[in-house]
**Student:** 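This structure is in structure tokens; I'll ask about it shortly.
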Amino acid sequence: MTADDNLLELIRDRVDHPATVKELLQILKIPREQRATFRRRLKALVATGELVEIRGQRFGLPDRMNLIVGRLSTNPRGFAFVDLEVGADGGPSSVFIAGNNMNQAMHGDRVVVRIERQRDPDRAEGRIVRILERGAKAVVGRYELDATGRGFVVPFDRRIIMDVQVASGDARGASAGEMVVVEITQWPTAARSASGRITEVLGPLDAPGVDTAVIIRKYNLPDEHGDEAIAEARRLGTAVKDKDTQARTDFRGWQTVTIDGEHARDFDDAISIDRLPNGNFWLGVHIADVAHYVHEGGALDREAYERATSVYFPERAVHMFPSDLSTGLCSLNPHVDRLVQSCLMEVDRKSGAVVRYEMHDGVIHSDARMTYTDVNKIVTDRDPGMMERYRPLIPLFERMHELFDVLHARRRRRGSIDFDLKESEIVLDDAGAVEAIIAAERNIAHRLIEEFMLLANETVAAHLEKVAMPALYRVHEEPDPAKVETFEEFISTLGYSLAADADGLEPRHFQKLVEKIHGKPEEKPIAFLMLRTMQKARYDEGNLGHFGLAAEAYTHFTSPIRRYPDLVVHRALRESRRGLDDDRRSELTDDMPGIARHTSERERRANDAERELVQWKKVRFMADKVGDEFDGYITGVSAFGLYLELVEHFVEGMVHVSTMADDYYRFVEKAHILRGEKNGRVYRLGDRVRVQVIRVDLERRQIDLGLSEILDSVRRSERPGAYRRGGPKPKQEERNAKRGRPGKRERAFKKAAKPGRKR
């Protein structure tokens, strides 16, 4: 039980009403010398939602006040849900909020909700009673003028369902139709909408780079680094100082290389590998020692914590650290000295188990900056030119390949779930427009580096737990049995099964299914549904294991240049080697839950931003392909229609049920199918179908598709003389044709395909 758990239990047992800090100190009899720590723990409990601060600066238990704390997620249609940060055991994970119960809260706000109705354990409705924290102080959107000439901004994020009024003197010279950033100066009330002033004009939406700028502003990603952080990075210099190499293990005589993508600029991991006299492998994973330069509480650390991760877009990246550090002093560039934290592992040559390990503060001198393509040419293609060029390193790569086979076989034996789905890669032209969308190459070099990083992360996590060091773990909990049951029901309709009860489910059951569906048409949709069945990986202060990797302990150690949790782990490793007193241990224990929550949220933000920009670019790529036909796989089925991914361009779109005008189609939820009432035609997850692009909606960033066989059928039925029961009679059809009037079903189809009105 943590210190926060102890404090929470004390409050629950001894405090019978919402109390002020002064009352809590008196009731709980907190000694004077512990009051600073008490206040810090109290703040942490409020941050996690386990305590709620109400009017009068009083602190209470939310469940005793029928209150919960969470983030508001608004639907463009006006209602919302609050995703709970802390819920009662067995209670709902989210609460429905009707439009008239939102109390002027906006999407992304952190709010206190009073539960007013709970129909069953999973369904609750509530009312927002207090806004704790606004989700964003600025909004990106399109500047427009109304009929009277008054300006307003239409938010780009459709979940922000109210426009922001802008006075004429606050428009910053923006023209109608341009994308802008507006700072909210007055929050909405029951009597008026929000108002603000434009702080930045981004330009027309179709101008190069504006789409990336819009996404950066929408997700409130810190773009430019602050002057203080840049100055701190530059003061560190560009080369390793002699004094910094003292008292470190010297690996400069070891053969080490980095292996990354062709366009990578920061290199935070290097590999060394030798064969020991007993035949085992001696694998070294050397990671850039960012923690040596970035000290806790400094300008670089504060900025890195706020960002928590680098964000990678097709055109550019938003880095966690300034380039002086990320691509300079901390990057493991070839032929220069660099400081590292190294995890050395003796790996059994047969089983792949780590039988011995060592942790070091070290210094390396990388022999080469290799790319995945070059290494693949050496170990797979045996390219003569490449092998001659890197002749001294060939034995190193061959040992890597051999060890990869051993480690990969070990992970398969224990049931680690290994998805190997093709991912798309966007190719841009000089103007930043999408030139092509191709399958991203993933060769043996990618996989062997991934295998070594996984092993190092597991080894470090097990070590941290062994020495009881407060740190962050990368956790992936067991899937919800109810979701597993739903998944099992679906795959059984396709002839598959997990072959295990929900209570006895292990990762290997999922892995065996992955192997069975490999290469089958239904592989991708089943894999997607499997991923939705799983819990989301996150950071936590406790070791809860990693279900997907079938690992008892796992953390993130290998990328401190681009992930803040890795930096936390590096600091924990160093402190564990040097030792820490009780006060420091208590401080770290108190800090870790908040760091875990913050970095998990920032990771989700980065993933959402990356995904949305890629989807947006794909939609724009398809804008000139209306009317063209493509093959696609059904990746999702709902009552609204079919979700597809096109085979050729890896682009996602939707066939709305309103375009399926040859019959009435019913959604069978458990089977994930749409079935025609009269013709019996079935469309199910995984089916390959031919579709036509009906509309590309740049406003909503959506692609509307139509099933070619149904569109052709509807068109044939509307030809003169094509009488169908329920359709126009022959004479009526002839009259319609002579007058140029479309038939009933053609009118329905055209209505469905008509472009939507702009907001």
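Along the sequence shown, residues are numbered consecutively beginning with 1. Hydrogens, waters and symmetry mates are skipped; everything else that's a heavy atom, side chains included, is used.
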**Student:** For a 4.5 angstrom cut-off between non-hydrogen side-chain atoms, does E523 reach V514?
**Tutor:** no
**Student:** Determine, for R597 against E603, whether the closest basic-nitrogen to carboxylate-oxygen distance falls under 4.0 angstrom.
**Tutor:** no
**Student:** I need the I517 CD1 to K512 NZ distance, nearest 0.5 Å.
**Tutor:** 15.0 Å
**Student:** May I ask you to check whether H360 and T249 show a side-chain donor-acceptor distance below 3.5 Å?
**Tutor:** yes
**Student:** Please step through side-chain hydrogen bond (donor to acceptor under 3.5 Å, both in side chains) for the pair Y372 and E441, ending with a clear verdict.
**Tutor:** CA-CA 10 Å; Y372 295 121; E441 184 182 5; over 6 Å; no
**Student:** Write down the atom of L505, the atom of A500, and the distance for their closest heavy-atom approach.
**Tutor:** CD1-CB, 3.9 Å
**Student:** Should R574 and D361 count as an ion pair when the cut-off is N to O under 4.0 Å?
**Tutor:** yes
**Student:** For R562 and S326, indicate whether the former's side chain and the latter's backbone hold a donor-acceptor pair under 3.5 Å.
**Tutor:** no
**Student:** Restricting to non-hydrogen atoms, name the atom on T309 and the atom on M320 that form the minimum distance, rounded to 0.1 Å.
**Tutor:** N-SD, 3.7 Å
**Student:** Closer than 4.0 angstrom, basic N to acidic O: yes or no for K524 and E645?
**Tutor:** yes
**Student:** Would R356 and E358 satisfy salt bridge (charged side-chain N to carboxylate O under 4.0 Å, His left out), going step by step from the backbone distance to the final call?
**Tutor:** CA-CA 7 Å; R356 177 171 62 96; E358 298 174 3; 3.2 Å; yes
**Student:** Quick one: does E477's side chain get under 4.5 Å of R538's, heavy atoms only?
**Tutor:** yes
**Student:** Quick one: do the Y496 and E488 side chains pair a donor with an acceptor below 3.5 Å?
**Tutor:** no
**Student:** Between I437 and V434, which heavy-atom pair has the shortest distance, and what is it?
**Tutor:** CG1-CG1, 3.8 Å
**Student:** Salt bridge between E522 and K520, side-chain N to carboxylate O under 4.0 Å?
**Tutor:** no
**Student:** Decide, yes or no, whether a salt bridge links R474 with D540 under the criterion of side-chain N to carboxylate O below 4.0 Å.
**Tutor:** no
**Student:** With a 4.0 Å cut-off on N to O distance, would you call E450 and R442 a salt bridge?
**Tutor:** yes
**Student:** Looking at V569, I287, I449, which one forms a side-chain contact (heavy atoms from CB on, under 4.5 Å) with T558?
**Tutor:** I287
**Student:** Is it possible for you to check whether R275 lies under 6.0 Å from the centre of the six-membered ring of F281, through NZ or CZ, and within 45° of that ring's axis?
**Tutor:** yes
**Student:** Taking CD in E485 as the centre, count heavy atoms belonging to other residues, nucleotides or ligands within less than 6.0 Å. Is the count above 12?
**Tutor:** no
**Student:** Is the closest side-chain heavy-atom distance between L344 and Y357 below 4.5 Å?
**Tutor:** no
**Student:** Less than 4.0 Å between a side-chain N and a carboxylate O, is that true for E388 and R391?
**Tutor:** yes
**Student:** What's the shortest heavy-atom distance between L588 and P470, and which atoms?
**Tutor:** CB-CB, 3.8 Å
**Student:** Can a donor-acceptor pair be found between the side chains of Q511 and S416 at a distance below 3.5 Å?
**Tutor:** no
**Student:** Just by distance, with hydrogens left out, do D367 and Q255 show a side-chain donor and acceptor under 3.5 Å apart?
**Tutor:** no
**Student:** Looking only at atom types and distance, does a side-chain atom of N457 sit under 3.5 Å from a main-chain N or O of F557, one as donor and one as acceptor?
**Tutor:** yes
**Student:** Give a yes or no on whether a salt bridge exists between R248 and D289, defined as a side-chain N under 4.0 angstrom from a carboxylate O.
**Tutor:** yes
**Student:** Could you tell me whether D631 and R688 have a side-chain N and a carboxylate O separated by less than 4.0 Å?
**Tutor:** yes
**Student:** Which of these passes side-chain contact (heavy atoms from CB on, under 4.5 Å) with S272: W282, F251, W254?
**Tutor:** W254
**Student:** Does any N or O in the side chain of T493 come within less than 3.5 Å of the main-chain N or O of F490, such that one atom is a donor and the other an acceptor?
**Tutor:** yes
**Student:** With heavy-atom distances below 4.5 Å as the criterion, would you say the side chains of E489 and V484 are in contact?
**Tutor:** no
**Student:** Are R252 and D337 close enough for a salt bridge, meaning some N to O gap below 4.0 Å?
**Tutor:** yes
**Student:** Which heavy-atom pair separates P560 from A288 by the least distance, and what is that distance?
**Tutor:** CG-O, 3.3 Å
**Student:** Any donor-acceptor pair under 3.5 Å linking the side chain of R349 with the backbone of N278?
**Tutor:** yes
**Student:** Tell me every residue that passes ring pair (Phe, Tyr, Trp, His ring centres under 6.0 Å) with H292, counting only those two or more places apart in sequence or in another chain.
**Tutor:** none
**Student:** Are a donor atom and an acceptor atom from the side chains of Y554 and H476 found within less than 3.5 Å of each other?
**Tutor:** no
**Student:** Checking side-chain polar atoms at under 3.5 Å, does T373 have a donor or acceptor matched by the opposite partner on N376?
**Tutor:** no
**Student:** Taking atom types as modelled, is there a side-chain donor on S342 or H286 under 3.5 Å from an acceptor on the other?
**Tutor:** yes
**Student:** Testing the basics here: between L300 and A229, what is the closest heavy-atom pair and its distance to 0.1 Å?
**Tutor:** CD2-O, 3.4 Å
**Student:** Just checking D242: does its CG atom have more than 12 heavy atoms from other residues, nucleotides or ligands closer to it than 6.0 angstrom?
**Tutor:** no
**Student:** Verify, without hydrogens or angle tests, whether N543 (side chain) and E552 (backbone) share a donor-acceptor contact under 3.5 angstrom.
**Tutor:** yes
**Student:** Just by distance, do the side chain of S331 and the backbone of G328 share a donor-acceptor pair under 3.5 Å?
**Tutor:** no
**Student:** Just verifying a value: how many Å separate I444 CD1 and H446 NE2, rounded to the nearest 0.5 Å?
**Tutor:** 11.0 Å
**Student:** Under a 4.0 Å N-O cut-off, is there an ion pair linking D608 with R611?
**Tutor:** yes
**Student:** Hey, could you give me the CG/CE distance between L472 and M592, rounded to the nearest 0.5 Å?
**Tutor:** 5.5 Å
**Student:** Output yes when a side-chain donor or acceptor of D501 lies under 3.5 Å from a complementary backbone atom of G504, and no otherwise.
**Tutor:** no
**Student:** Would E610 and R604 count as a salt bridge (charged side-chain N to carboxylate O under 4.0 Å, His left out) here? Give the steps.
**Tutor:** CA-CA 10 Å; E610 292 169 355; R604 287 192 293 272; over 6 Å; no
**Student:** At what distance, to the nearest 0.5 angstrom, does CZ of R585 lie from CD of E575?
**Tutor:** 9.5 Å
**Student:** Stepwise, does the salt bridge (charged side-chain N to carboxylate O under 4.0 Å, His left out) test hold for D268 with R563?
**Tutor:** CA-CA 11 Å; D268 49 14; R563 291 189 305 229; over 6 Å; no
**Student:** So, R411 and E451, do they make that salt bridge, N to O below 4.0 Å?
**Tutor:** yes
**Student:** Is there a ring pair (Phe, Tyr, Trp, His ring centres under 6.0 Å) between Y564 and H598 once you walk through the steps?
**Tutor:** CA-CA 10 Å; Y564 194 83; H598 172 78; 7.9 Å; no
**Student:** Is H319 reaching over with its side chain to a backbone N or O of S310, donor-acceptor style, under 3.5 angstrom?
**Tutor:** no
**Student:** Which value, rounded to the nearest 0.5 Å, describes the distance between D374 atom CG and M386 atom CE?
**Tutor:** 4.0 Å
**Student:** Measure from the side-chain N and O atoms of T256 to the backbone N and O of A270, and report whether any donor-acceptor pair falls under 3.5 Å.
**Tutor:** no
**Student:** Are the ring centres of F321 and H225 closer than 6.0 Å?
**Tutor:** no
**Student:** With heavy-atom distances below 4.5 Å as the criterion, would you say the side chains of I491 and L498 are in contact?
**Tutor:** yes
**Student:** Counting only N and O atoms by type, is there a donor-acceptor contact under 3.5 Å from the side chain of K618 to the main-chain atoms of F650?
**Tutor:** yes
**Student:** Is R584 salt-bridged to E296, going by a charged N under 4.0 Å from an acidic O?
**Tutor:** yes
**Student:** Working to the nearest 0.5 angstrom, can you tell me the gap between F510 CZ and L531 CG?
**Tutor:** 10.0 Å
